[in-house]
Amino acid sequence: MRYLPHTEEDIQQMLQVVGATDLEALFSSIPDDCRRKDEMNLPEPLTEWELNGHMDCMAASMGAPPFYKVFMGAGSYHHYIPEITRQLLLRSEFFTAYTPYQPEISQGTLQTIYEYQTLVCRLLGMDVANASMYDGASGLAEALLMTIRATRRKKVAVSRAVHPMYRKVVETYFAPTGFEVVELPVGADGRTDLSGLSDLGELAGVALQSPNFFGCIEDLETAGKVIHADKKTLFVTAFSEPLAYGLLKSPGACGADIACGEGQSFGIPQSFGGPGLGMFAANQKYVRTMPGRLIGKTTDRDGKTGFVLTLATREQHIRREKATSNICSNQGLCATAATMYMASLGGTGIRELSRLNRDRAEYLKASLAKAGHTSPFSAPTFNEFVVRFPDGFADTWQALLEKKIVAGLHLAPYYPELSDCWLMCVTETISKTAIDALVKEVAK
Amino acid sequence: MRYLPHTEEDIQQMLQVVGATDLEALFSSIPDDCRRKDEMNLPEPLTEWELNGHMDCMAASMGAPPFYKVFMGAGSYHHYIPEITRQLLLRSEFFTAYTPYQPEISQGTLQTIYEYQTLVCRLLGMDVANASMYDGASGLAEALLMTIRATRRKKVAVSRAVHPMYRKVVETYFAPTGFEVVELPVGADGRTDLSGLSDLGELAGVALQSPNFFGCIEDLETAGKVIHADKKTLFVTAFSEPLAYGLLKSPGACGADIACGEGQSFGIPQSFGGPGLGMFAANQKYVRTMPGRLIGKTTDRDGKTGFVLTLATREQHIRREKATSNICSNQGLCATAATMYMASLGGTGIRELSRLNRDRAEYLKASLAKAGHTSPFSAPTFNEFVVRFPDGFADTWQALLEKKIVAGLHLAPYYPELSDCWLMCVTETISKTAIDALVKEVAK
Amino acid sequence: FNEPLLWEKGSPGRKGLSLPRRDVEEAPLDDALAGDGPDFPDLSELDVVRHFTKLSQWNFGVDSGMYPLGSCTMKYNPKTNERQASIPGFAGAHPLLPESLSQGALELMHDLQGYLGEITGLPAVTLQPAAGSQGELTGMLIFAAYHKNKGQQRTKVLIPDTAHGTNPASAALCGFKAVGVKSGPEGILLPESVAELMDEDTAGIMITNPNTLGLFEDNIRQVADIVHQKGGLVYGDGANMNAAMGIVNFGDIGVDVMHLNLHKTMSTPHGGGGPGAGPVCVTPELDPFLPVPRVVKDGKVYRLVEDYPLSVGKVHAFYGNFSILLRAYSYILSLGKDLKTASQYAVLNANYIKEKLKSHYHLPYDRPCMHECVFTDKHQQEHHVATLDIAKRLMDHGFHPPTIYFPLVVSGAIMIEPTESESKETLDQFIDAMGQIAREALECPECLHESPQFPKVRRLDETAAARNPCLKG
Amino acid sequence: FNEPLLWEKGSPGRKGLSLPRRDVEEAPLDDALAGDGPDFPDLSELDVVRHFTKLSQWNFGVDSGMYPLGSCTMKYNPKTNERQASIPGFAGAHPLLPESLSQGALELMHDLQGYLGEITGLPAVTLQPAAGSQGELTGMLIFAAYHKNKGQQRTKVLIPDTAHGTNPASAALCGFKAVGVKSGPEGILLPESVAELMDEDTAGIMITNPNTLGLFEDNIRQVADIVHQKGGLVYGDGANMNAAMGIVNFGDIGVDVMHLNLHKTMSTPHGGGGPGAGPVCVTPELDPFLPVPRVVKDGKVYRLVEDYPLSVGKVHAFYGNFSILLRAYSYILSLGKDLKTASQYAVLNANYIKEKLKSHYHLPYDRPCMHECVFTDKHQQEHHVATLDIAKRLMDHGFHPPTIYFPLVVSGAIMIEPTESESKETLDQFIDAMGQIAREALECPECLHESPQFPKVRRLDETAAARNPCLKG
């Protein structure tokens, strides 16, 4: 096998040094009743070429672009990924390195992640960002646990307009802790209704998502003021589409204490949902209660600038059970991809691209409305929105699959109250022509 | 445009330094009657994404593996290319470097090509190999011109069993020189008939290909003796399938003075015929009459081993019109790919792979023979062979295209005397199952 | 050469990304919502390419040389896995596609679950955890859910002193109190120490086996029996599975829950710290508690099923790090039963290094090791040379240093894990370098203090970095 | 760190390539034909990956930094071009596929011919030559065929002293005698010098325009007229086309035949020396002489046509370096009319460097340049610092040196071609480094003699290499 270098001769020489008669004898110190007696029941090894054929064949069954037009977002977005990102990520110095424990020979990873932290801060208008969390969902769960650590309160509130799967992950993380999660309702406009907030008692944190799951842009500025009526409560803003912040006021500018969300849109393939990138940023004063790895700038013996892992005293390998989180890695390669992507876009580019996403989605929204299919919500949206379809659309939806169109996400399983609604998404990868084609089909 | 870095501000600043009012003014020193007045009539620039779509669409019209089973060799072979080759070649230090004029910062290219030269020598059993020629065809032309330089004779002989396109290139190179190329006939067994050689007068060189265009393995050892009956005549052996030398006696062992051929089989995609890799090796005594770049080993000021371009005095940038050739580059990246491929295969692997190629081809040959389709030639073959089909096979062949099978190459346009024959090829990429499927179709 | 920070480069208006053509009109947006957009630098494509090319050149990866980072299993990351992960059908797949359009991905996940179940001996598998630490958390959630389903709320978890720091952190995140268990004089757990601490308020034990000293926990069966008798569960930290594929069936020896680190054992890229994947394998009894959705085969069709009322819930927005799972799947299909050979070579390599280096370095537990061996700087300390100096000096020899100062139970630990990918020649070169460093410690301690000499930067001031954190530019 | 030569590594029987499963019996082979197989080292996949990863790290490429190698046009090699070239339909296409299965490739070649014709102003195009030098040879074959068709056999070709060495070599390969033409005091050709030499035994002239001094040949029209009047042809060496896209129509100013170097002007990868591609563009009158097969559009179908009786024949086994042509096609489609902007920026960058550096270095021809400028070491010679020292020192600043000692007409030439890809910041850094080196030449000449200090090896003994050539291991 081409990954296993030893020849028979190598093995014999090494066994002699070790003092074992054969490979099995290497394990003779393991008690016999702990040794596996049967062979593993695994398939015959495939050659490189058989594997290629097998994987190509499996992948061919998937309904992915460019063969399918997928008008579905809901936390996973199809954006173009520049070829340079793909090729630079394949540089093995990036992708085969581990956690930069030895900074002298890890400055590539370290400077990149330092740049990542900086760009994330600039994107979100926040003071400090960590080197990333697993994904948007667990990032939100960790953010809410952080509000509990920071305030020593026991309850958090989460908007029902937050991605339903993120809320499930929050539930899972909170279940064994004894802390409480309450849900904030959605108003008629599709935004979170904060009118009942003051009745909920002492809250450690309140989490809104913007654009929220329905694509609606929350009025974060006003929300921040309402939430901060209780000065101790932390305002957590989540997101699943960071590209929105090319155009929208940043969470930091709206008073967020913690901003967290999913960074997949920034140069990371959708890959059936993972890996993603948990972007996570906070105000300076909370830095020592933040979970996750941090990279800091320092100098070497000769006074030369360099970068290191820092504030590790928050982390589990030092603090063990007292750590701010059990997370001990980051999404290194995904954060690297996002850094490359943000660098390629630039400030000018992100604005243009963000606008184009929104404008194309608005075009679809308007076109559907013209065809009689309107949104139940009035709030402005970014690149996705909810639309109500007449009875029988589920069949139309199914029929459109045959035409290689996935016409949005049915909301019934997630929001029974919106069982006749679909969540539609348009990014820069879907042209006006493709939008017109969808509208024509739907209008039939 | 993302490749063009200047902003309006940059341009203004630079124009000021240069003393030009605008970009057009940069060209004001060109006489007006030499300035182009009209715009170039070129299409609108495509975005990266439009280009991807456009190219994917064009490529989809091609009849290439894995969608097509192509039983065609004839100088271009479908072999598996390890993914490592593809990824290592994308390392920009290899693929964006130029000719290693500055050895201190080009040791990667230089050591690689030195290794290439060495492995080529070992493959072909020769003393010296150059850093490569354009392709097998021009390599053969240059080899024959080299025999003329080396012997100061004016005539060369080339077997009719040499790849017909290589012979055309030889003709083209020889046409304006006044030197003569005569053709050696093919015997009934499919090998070159050397019986008339002594009647041809003083020959500078005699070129055979083995395996020849018909896939037949020439008896190079005997041929070498016959050719060297005239001690001055150089024996040139060509090849289009270097993999054969994993199994066959090397040209050097058979007395070749120059061995040259196409190296595409070694890790280089077929790419509709180019780029290929002109492998070129010779006996030590001819090194200074050899065309092409050479890499040699030397030491630096501190005595450390390093590699440099050497014997450049043969080349055109020093010797100008007295150069051994006008070639001033090599197929650097293709030679690098071939080095990686040969290194991956190893001595053990090349033998196994070479044998598998031959055995699968032999299996097809035997299966066709069983079905009544035999070869006009009796000589042993490597991974391709000629087979005679009954009247009407041209229609069958055409019909098989619909079934995504390309059932060999019709020889009629190249050898009118074999107009009912096809040249069939099988490599390791065509399994027994695919062979059986072809035989079944042909036997119908 | 230095490479400026991204925002020290560029020029406003420069373009690095090809923007799609605008084909629709601009839609108005309420001023109150609109921001100024982030202050990102504007760069050209070449600017970006050169920047990251240069940064990459300052990094050391597995492809750069041997990376014997103990407990991290820095084996070769096969290139073909990257090819598979980039197939458009997989890379471009939306996670919420209808089942009819995602059979390939579901089949892959289903079969991978089966393979991991077979390898560990724990047949019920979730692929959802995004990393080993999240796998641990999932395991602890299962502990809690299991006891809750029995009507109990246990408050403690036993954790040996040789455990990774994530073990107590994961237990704590789940509301458990971590209770330490001291390992015995041979570096392994003694049943009596566990018996002493195990009670009916304890949810179970977390054991890394082979442990972080690279030793097999010989008493695992007895320990498991003790824990099970008190109604507890046994968690196996599978971080060190690379020693044991085909060698030990963890289900058979009493482990109830076990996570795997696919970026260790299953060769997926380490990526400078992630993404990993931390599938969790459990006994059939614990199957109902696994996270949802589950991938099941229904006749010939693969489906995602949510309906598991006892499930701990979800730990990932979708199904985990699918493209990492895909790479592990590719690796398993490439090796098949040869996975056992991989484990054998990994153990052979570690023992070879142990034997060759024990004359130079103090070996606190001189007995056959598994996939890694732990030395200390005891001999070198006499010459004022510490583990850190030895580690830094290795860089000057072209090797990545081993894991140092871990496990904590050994003072000045040097934890070496070669993995099966390294050839005998490479091991010999490493042994040679370590030997030279041991000699240098005698002859020129200051040379070691001044190392490394060759990388881009020399030893960095980590204290200053933590005291006045500068976390962005 | 050193990296051993391939055959100093490995162990017999080790495997680096995945061999397909054997599914047929072994066929016997006559012993007289069988050999022992080559003595290649046996390596693992990781051995191979590490070897070439390490070697690559000793190389400097365009992605590593500015590469101002004059006359080589080291512009950015776009990554998307590599993506396009690796599409399986193109990368896996057999050249002898039937037309029905190769329409995409033929269409691409057909359209590329059209674009190159438009860019040069010479509408008849062959894509077959595998490199610029083979393009020159093709051009000379066309010269010969043209005159032969007129019943003449001319024996000489005029070649200015500023020409690349390939020009006389290509002419010689075609049986022509190269006759030198001295350039005038301004660095450009004088019509009178050409008139003096041009006669009816001369097939024509080969002119590089802009020439190798980076200057536009102002008298090109007069020169062409003189040559044409004597029945000769004008060959334009298009190596420097990067200065002139959209600026000059070479057909209009009297050029009859012109080759392009796609790895220069059209951004295809340089690859450590190739593969390139050297299409040749000619006037309609010379169309019949182009190599066969020709790609033609026949209604809606693209075809390969052999039937051109006056054709010079074939210079490549198939149709040239298709995958390089494909990259050039991608580049042209990506820029369209912006190709003119590329030329403008290339010329702006060269003039900017020229203005900024002329106070430090001797500028033999102080006039507006095109895409490159040529300095000399005249000022530095006084301090015993030569062009070579300046070049080597640039490496220590992270730049690739310029082309040196070429063109031959300038003693100690330093030929700088920045290309349009370089940003103003990068140019300023380069200018700064050159300025520092000029100062160092005054203050510390020996520092320059001892350079480079930082690369893997220091100055190499090229004389010894040539005296006792060691060309293999």
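All chains are named by letter (A, B, ...) in the order of the sequence lines, taking the proteins before the strands, and each is independently numbered beginning at 1. For clarity, every value in this text was computed on a predicted model and none was experimentally measured.
Taking each heavy atom of D:G92 and B:P65 in turn, the nearest pair found is O-CD, 3.3 Å. Between D:M245 and B:M40, the shortest heavy-atom distance links the atoms C-CE, 4.0 Å. D:S170 and B:N326 make their closest contact through OG-ND2, 2.8 Å (heavy atoms, listed as atom of the first residue, atom of the second, distance). Pairing each heavy atom of B:L42 with each of D:G336, the nearest pair is CD1-O, 3.6 Å. Here the shortest heavy-atom pairing between B:S329 and D:A131 reads OG-CB, 4.1 Å. Between D:I87 and B:M55, the shortest heavy-atom distance links the atoms CD1-CB, 3.7 Å.
In this view, D:Y352 satisfies the ring pair (Phe, Tyr, Trp, His ring centres under 6.0 Å) rule with no residue, not counting sequence neighbours.
With chain B as the partner, the residue from D:E136, D:K177, D:Q57, D:H51 showing the most heavy-atom pairs under 4.5 Å is D:H51. Chosen from D:G13, D:A277, D:G16, D:P12, the residue pairing most often with chain B at heavy-atom distances under 4.5 Å is D:G16. When each of D:P275, D:A172, D:S100 is scored by its heavy-atom pairs under 4.5 Å with chain B, the top score falls to D:P275. Among B:L88, B:T429, B:I84, B:L51, the residue with the largest count of heavy-atom pairs under 4.5 Å with chain D is B:L51. Options B:T177, B:I350, B:L247 differ in how many heavy-atom pairs under 4.5 Å they form with chain D, and the most are formed by B:L247. When the candidates B:E39, B:E362, B:M340 are compared by the number of heavy-atom contacts under 4.5 Å with chain D, B:M340 comes out ahead. Of the listed residues (B:S28, B:C334, B:A64), the greatest number of heavy-atom pairs within a distance under 4.5 Å of chain D belongs to B:A64. For the options B:I11, B:D38, B:N52, heavy-atom pairs under 4.5 Å to chain D are most numerous at B:N52. With chain D as the partner, the residue from B:E428, B:H163, B:Q102, B:K168 showing the most heavy-atom pairs under 4.5 Å is B:Q102. The candidate with the highest count of non-hydrogen atom pairs below 4.5 Å against chain B, out of D:G276, D:A391, D:A85, D:P469, is D:P469.
Looking at D:R83, the atoms closer than 4.5 Å to chain B (heavy atoms on both sides) all sit in the side chain, from C-beta outward. Both the backbone and the side chain of B:T339 come within contact range of chain D, with heavy atoms under 4.5 Å apart. For D:F216, the part sitting under 4.5 Å from any heavy atom of chain B is the side chain, from C-beta outward, and nothing else. Both the backbone and the side chain of D:P20 come within less than 4.5 Å of a heavy atom of chain B. With a threshold of 4.5 angstrom between heavy atoms, D:A171 does not approach chain B through any atom at all. There is no contact between D:D47 and chain B, counting heavy-atom distances below 4.5 Å. Proximity to chain D is limited to the side chain of B:P380, based on heavy atoms less than 4.5 angstrom apart. In this structure, the portions of B:P103 lying under 4.5 Å from any heavy atom of chain D include both its backbone and its side chain. For B:D135, the part sitting under 4.5 Å from any heavy atom of chain D is the side chain, from C-beta outward, and nothing else. Heavy-atom distances place the side chain of B:D302, and not its backbone, under 4.5 Å from chain D. If you measure heavy-atom distances from B:V17 to chain D, the contacts under 4.5 Å come from both the backbone and the side chain. Both the backbone and the side chain of B:A74 come within less than 4.5 Å of a heavy atom of chain D. For B:R358, the part sitting under 4.5 Å from any heavy atom of chain D is the side chain, from C-beta outward, and nothing else. Interface residue D:L108: backbone and side-chain heavy atoms are both found under 4.5 Å from chain B. For a residue to count as touching a neighbouring chain, one of its non-hydrogen atoms must lie under 4.5 Å from one of that chain's; by this rule D:E118 touches chain B with backbone and side chain alike. Proximity to chain D is limited to the side chain of B:C121, based on heavy atoms less than 4.5 angstrom apart. Within the 4.5 angstrom heavy-atom criterion, only side-chain atoms of B:V308, from C-beta onward, approach chain D. Only the side chain of D:I220 comes within contact range of chain B, with at least one heavy atom under 4.5 Å from a heavy atom of that chain. Heavy-atom distances place no part of B:E171 under 4.5 Å from chain D, backbone and side chain included. D:P41 touches chain B through backbone and side chain together, each having a heavy atom under 4.5 Å away. Of the two parts of D:Y115, the backbone and the side chain both hold a non-hydrogen atom closer than 4.5 Å to a non-hydrogen atom of chain B. With a threshold of 4.5 angstrom between heavy atoms, B:S431 approaches chain D through its backbone and through its side chain. Contacts of D:D252 with chain B are absent, with no heavy-atom separation under 4.5 Å from either backbone or side chain. Interface remark: B:I105 contributes backbone and side-chain atoms alike to the contact with chain D (heavy atom separation under 4.5 Å). In this structure, chain B has a heavy atom under 4.5 Å from the side chain of D:L69, while its backbone stays farther away. Both the backbone and the side chain of B:L15 come within less than 4.5 Å of a heavy atom in chain D.
Classified by interplanar angle (parallel below 30°, tilted 30° to 60°, perpendicular above 60°), the ring pair B:Y3/D:Y76 is perpendicular. The aromatic rings of B:F272 and D:F322 sit perpendicular, their planes meeting at an angle over 60°, well past the 30° parallel limit. Using cut-offs of 30° and 60° on the angle between ring planes, the pair B:Y98 and D:H270 is perpendicular.
Expressed to the nearest 0.5 Å, how far CG of B:L333 lies from CD1 of D:I324 amounts to 7.5 Å. Separating the NE2 atom in D:H94 from the CE atom in B:M62 is a distance of 11.5 Å, to the nearest 0.5 Å.
Salt-bridge formation is not detected for the pair B:D300/D:R459: no Lys NZ or Arg NE/NH1/NH2 atom is positioned less than 4.0 Å from an Asp or Glu carboxylate oxygen. A salt bridge is absent between B:R301 and D:D461: the closest approach of a Lys/Arg side-chain nitrogen to an acidic carboxylate oxygen does not fall below 4.0 angstrom. Classification of B:E104 and D:R458 as a salt-bridged pair fails, no side-chain N sitting under 4.0 Å from a carboxylate O. Under 4.0 Å is where a charged nitrogen must lie from a carboxylate oxygen, and between B:R360 and D:E26 no such pair does.
Looking at B:Q111, its side chain does come within 3.5 Å of a backbone N or O of D:E3 through a donor-acceptor pair. Formation of a donor-acceptor pair under 3.5 Å by the B:Q117 side chain with backbone atoms of D:L471 is found in this model. Side-chain atoms of D:N351 never come within 3.5 Å of backbone atoms of B:V18 as a donor-acceptor pair (strictly under, hydrogens ignored). Side-chain atoms of B:T172 come within 3.5 Å of backbone atoms of D:K314 as a donor-acceptor pair (strictly under, hydrogens ignored). For the pair D:N321 (side chain) and B:G274 (backbone), a donor-acceptor distance under 3.5 Å is absent. Listed for the B:T118 side chain is a donor-acceptor partner under 3.5 Å among the backbone atoms of D:G473. B:K249 places a side-chain N or O within 3.5 Å of a backbone atom of D:A32 that can act as its donor or acceptor partner. When atom types are taken as modelled, the side chain of D:S133 and the backbone of B:I327 share no donor-acceptor pair closer than 3.5 angstrom. Between the B:R36 side chain and the D:G246 main chain, no donor and acceptor come within less than 3.5 Å of each other.
The neighbour count for D:K15 NZ, taken as heavy atoms of other residues, nucleotides or ligands under 6.0 Å away, does not exceed 12.
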